[in-house]
Every structure is written in structure tokens, then in C-alpha cells.
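Step one of this worksheet: look at the structure below.
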Amino acid sequence: MRPSVQSSKEPVYLKVADALESLIASRSLRPGDRVPSVRQFSRQQHVSIPTVMQAYALLETRGLIEARPKSGFYVRFRRSHAVPEPAGLGRASKITDFASTDPFESLLADHSDSNLVPLGAALPSDELLPGAKLARTMAAIARRPDSPGTSYDVAPGSERLRRELARRSLDWGCALQADDFTVTIGATEAVFLALRATCEPGDTVLVESPTYFGFARLLRELRLKALPVPVDSATGIDLDAVEKALRRSRVSACLLIPSFHNPVGCSIPDESKRPLVECLAQRGIPVIEDDIYGDLQHNGARPRCLKAFDRDGSVILCGSYSKTLAPGYRVGYVAGGRWHSRITALKRITTLSGPVLPTLAIAEFVKNGGYDRYLRSIRQAYRNQVDRMREAIVESFPKDIRLSRPQGGFLLWCELPAKVDSIALFHQARTAGISIAPGPLFSPDGGFLNFIRINCGCPWNPRIERSVGVLGHLAQRLGR
Ligand SMILES: Cc1ncc(COP(=O)(O)O)c(C=O)c1O
């Protein structure tokens, strides 16, 4: 049993719930086991009985435990817990152009089609985002007599936002200053500028395999080649695999999503980050870190950034508020380390400034709008949605699937039986009114044909539940 949870700053019932949940996750408590009685657990954790009752109610809502009349609480049977994580991510690393990103345009067009069930694009639902509050904040800023809303905000951009980023960087394990940041148009521009600053056309960039399909587009546009290194379903990219790849090939940069990876959901453990950063720094290879999902852990502490282990400015940290607050506001940032001046100059040349009012509205929300309280609520929502989706997939998909078990974010990576062609599934699902993301989009070299990524960014509802049933049926048929 864990030590007492009284000392933490988080609401105590959440810590109590997390303590019990970790016992379930580590299988110290198994489905069907009786969980400690409320009285017993309150004594063990040195907390009040109402606190434990609140924690148990939360775990019931999360679908982890259930009350049995006159008998107490039990760990629920959860079929999805028995499903293994995807394998087959271990492709040999060889330098490659990204294969056709064929359904990409269609996936982008699907963003705005409300007739489609949105399981394709990695998008949080509007229902969860604080759209009304942000709009009010933005309007209030615009109405101020001295409002800067109509002027350029020349790079490095809003000092107000950069000050908030500096303050928050302590949570990421860094101690960055406002002057270390440049404000960008989403994480996309941050990564684009970082690649421009560190690479020349024809160069090779080490990427995870699979990786976010937006990177494929950026690399191709910049005439860069990819050196894919497989990720482990649980622990992300592995130092040995990176070293092996680097012995064989010369790379100019390393582009990684270390926390709650898209599409796999894995995270590099904090203890593996230092050796990875040191290994790359010794070889003079810049690391471009995309931390866009870093604030969205399902339990416990936020993961540290690779940037937290950077001693010589060789990590370029990129991020945005697209997955947490408002993708349409297009507010992102980059802490460019040794390339900061070059990145800021490139930003001035290419887009000069970002959207001023959205940037100021986000800075205000992060400073005074209860951002941390809001983050706690969406973390919980995403965890619930991911759990519900995992259960529903296991109910209706073919028996021999594998399914990721992300500890943060809202994406699931599903390995279907080898016979299922995910591009065919993508087209059939679309005809049935459902958007999904097929595996080859995430592959530098045309692999992952029998994989799909599922977005769990929307609150669970009967329409989504029905769609998962339809997907399962289509996948069963394609697998025959
Ligand atoms: C890993 C990753 N990076 C970047 C982006 C795009 O971010 P932004 O909307 O901030 O440009 C996404 C969107 O899905 C993503 O998953």
C-alpha cells in the first residue's frame, strides 16, 4: 500500500482515487477482488471517510469498481484490460521518403463535416473546450481603448504569453525565461521553423515509427528524408535503437513526441530522457521535441520534457494550445535553444506575427482563467473516454486485436488482424458516416496497413457507441 496521501496539493480524494487505481492498474487488485472497505482505506490512507467515499464514487464513474449490495466495492471485470498492446512496430530503420499520404486530404476535409462521427482527426470535442469563456475574454481585450488587437505582434510575439509559458515551464521540469520563447501559429509552425533552422534540403531526420502524419507533410515539403526508429508501445523510442540507427546513418535532427505520442500514446519514461538527450547532444544532433499532449496525463504528475535535461541548448521545445484549449486559435510556441535567434528571424520572414487577439485571450486564460482546474477536468474526461472506447472496441472488434493503453491524451492505436486493410476500412467507414485514421498515414514507409488510430476526444454518447459497433462489424468482415 502507498504512503499517506495527505501531504499533496491536489484534492485529497483524487490522490486517494489514484492510489487505489494504481493498485488496480498494477494488478495488485484484480477484477473481482474486493477493495478495502471505506473505513479500512480511510485508516490506511489517513484521510476522512467522506474523502474515501468521494474517491470510490469517482472510481465507480471511471468504471473501475462497482458496489455490490451489502457486500462492499469490487474491482470490475474489464475485458479490455486483457487485450495486449500493439506489437509489430519494430520495422528495420532505413532512410526513406514518406510513402503516399493519400487519405490525408480527405481526413482534413472531414474535420469540418459534422455528419461524420469524428473518430479520425486528433481533436478534442468543442463540448469540452472553454470556447465561450475564451470568446468573452477575447472580446473584452478587443474592447479595451488601448487594445493591441489590430496591430502586428512581431516575433518573438506576445510577452504576456511568453511570461506565462516561462512560469508553466517549471511544471515541465524546465526553468525557461520569457525570452527563450517565440510565439508560433500552432505547433505545426513551431516544428516547421525548427526543421528549417536545423536542416538543409536532402538532410535526414530521425523520426519515430509510427509518427504523426503532419510531420510527413512537413518533411516532404522541406525535402527532408526520414530515418524511422520503432517505438515501444509502452516506453516510446528506445536509446539502444537510436544509437544503432545513428551508427548506420548521418542525421541532422531528431523529431520526437516524447509524451503521449501520436498515434501510439506511449511516453518515454522520465529516467530514460536524460541518457537520450545526452547521447544526442554528444553527437551534436538537435532534438525537436513536440510536447503538444504533455499537459494531458491521465494520472499523477505531468511528464517532464526532454528540454528539462538539456544542458547546451540542443533541445528545441515545441507545443501549442490546440489539444487543450482551442485548435482554431492557432496559438503555439517554440523554445529554440541554440537556434532561438534563427527561428525568430525565420518566423519574421515567413509569417511575421501570429493572431494577436487569440494569443492574448489564451495568455489571459492561462494566467487568470483557472487553467489548472480546467486541465484537471479534461484529463479526467479524456481518461474516461479512452477507457469507454477501449471497452467498446473490445466488445465489437475481431478477437485478436491489440490495443494501446495510453497514460495520457485521447488517442488509441489499434492493431487489427493482419488481413484487414485499414485503407479499405477507412473508405467503408466513411461511407457509413464514420471518420477514422488508417495506419499507413503514420508510416514513413507504407507500413501499418492493418492499424488504425481512433480519436477519443469526444464525450461518450450513443452515436459514438453505435459507430464503434459498425467499425467492429466492418473490421470483422474485412478480416474474413
Ligand atoms: C503530435 C502533433 N503535433 C502537432 C499537431 C498540430 O498542432 P497545431 O494544431 O498546434 O498546429 C498535432 C495535431 O494533431 C499533433 O498530433
Side-chain angles (χ1 to χ4, degrees), residues 98 101 103-105 107-108 110-112 118-126 129 134 157 161 165 181-196 205 207-219 221 226 231 236-237 254-268 287-296 303 305-306 316-335 347 350-351 354-355 358-359 362 366 382 386 404 406 408-413 435-438 441-444 453-458:
F98 272 87
T101 52
F104 181 84
E105 294 302 335
L107 201 65
L108 278 189
D110 292 352
H111 273 206
S112 49
L119 309 183
L123 276 181
S125 155
D126 284 347
L129 300 175
L134 282 170
L161 180 66
L165 289 166
F181 288 96
T182 301
V183 179
T184 60
I185 303 176
T188 304
E189 189 186 34
V191 172
F192 177 79
L193 294 171
L195 287 168
R196 283 284 308 270
V205 178
V207 296
E208 291 142 327
S209 173
T211 193
Y212 166 51
F213 50 68
F215 292 169
R217 315 264 298 175
L218 289 178
L219 292 180
E221 196 52 38
V231 299
I237 204 165
C254 196
L255 174 55
L256 304 176
I257 311 165
S259 299
F260 316 128
H261 179 271
N262 176 3
V264 179
C266 54
S267 295
I268 304 175
V287 183
I288 303 169
E289 168 176 31
D290 183 345
D291 185 48
I292 193 165
Y293 297 97
D295 272 343
L296 294 178
C305 289
L306 291 180
I316 303 178
L317 174 64
C318 303
S320 82
Y321 290 97
S322 295
K323 305 300 172 188
T324 47
L325 286 178
Y329 278 37
R330 309 306 300 131
V331 178
Y333 51 86
V334 53
K347 164 80 191 168
T350 49
T351 52
T359 304
I362 283 192
V366 172
Y382 292 148
V386 166
S404 63
F410 47 80
L411 301 173
L412 278 177
W413 182 236
S435 168
I436 56 166
L441 275 183
F442 303 89
S443 166
R453 188 195 68 186
I454 302 268
N455 173 46
C456 311
C458 300

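Each ligand, and each atom within it, is numbered from 1 in the order the structure gives. Heavy atoms only: backbone and side chains are in, while hydrogens, waters and symmetry mates are out.
- The S320 neighbourhood of ligand 1 comprises atoms 10 (O), with distances under 4.0 Å to a heavy atom of that residue.
- Per-residue contacts place G186 under 4.0 angstrom from the following atoms of ligand 1 (heavy atoms of the residue considered): 10 (O), 11 (O).
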Practice prompt. Might you work through the salt bridge (charged side-chain N to carboxylate O under 4.0 Å, His left out) test for E189 and K347, ending with a clear yes or no?
Written response: CA-CA 9 Å; E189 189 186 34; K347 164 80 191 168; 2.8 Å; yes

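- The atoms of ligand 1 that sit less than 4.0 Å from any heavy atom of Y293 are 1 (C), 14 (O), 15 (C), 16 (O).
- N262 contributes no side-chain N or O that, together with a main-chain N or O of Y212, makes up a donor-acceptor pair within less than 3.5 Å.
- A donor-acceptor contact shorter than 3.5 Å is absent between the side chain of S259 and the backbone of G294.
- Put simply, no part of Y321 is less than 4.0 Å from ligand 1, judged by heavy atoms.
- Nearest protein heavy-atom neighbour of atom 2 (C) of ligand 1: D290 OD2, 3.3 Å.
- Residues V264 and I257 fail the side-chain proximity criterion, which asks for heavy atoms closer than 4.5 Å.
- Under the 4.5 Å side-chain criterion, counting only non-hydrogen atoms from C-beta, F213 is in contact with R453.
- The closest side-chain heavy-atom distance from T188 to R330 is below 4.5 Å.
- A heavy-atom distance below 4.5 Å is not found between the side chains of T184 and S320.
- Annotation for ligand 1: atoms under 4.0 Å from non-hydrogen atoms of N262 are 15 (C), 16 (O).
- The protein atom (non-hydrogen) at minimum distance from atom 7 (O) of ligand 1 is I292 CD1, 3.2 Å.
- Below 3.5 Å of separation, one finds an N or O of A187 facing an N or O of ligand 1.
- With atom 13 (C) of ligand 1 as the reference point, the heavy atom nearest to it among K323, R330, H261 is part of K323.
- Under 4.0 Å from ligand 1, heavy atoms of T188 appear from its side chain as well as its backbone.
- Residue-ligand proximity, I257 to ligand 1, at heavy-atom distances under 4.0 Å covers atoms 1 (C).
- The shortest separation from a heavy atom of E189 to ligand 1 is not under 4.0 Å, leaving the residue out of contact.
- You'll find the side chain of F260 reaches within 4.5 Å of the side chain of S267, heavy atoms only.
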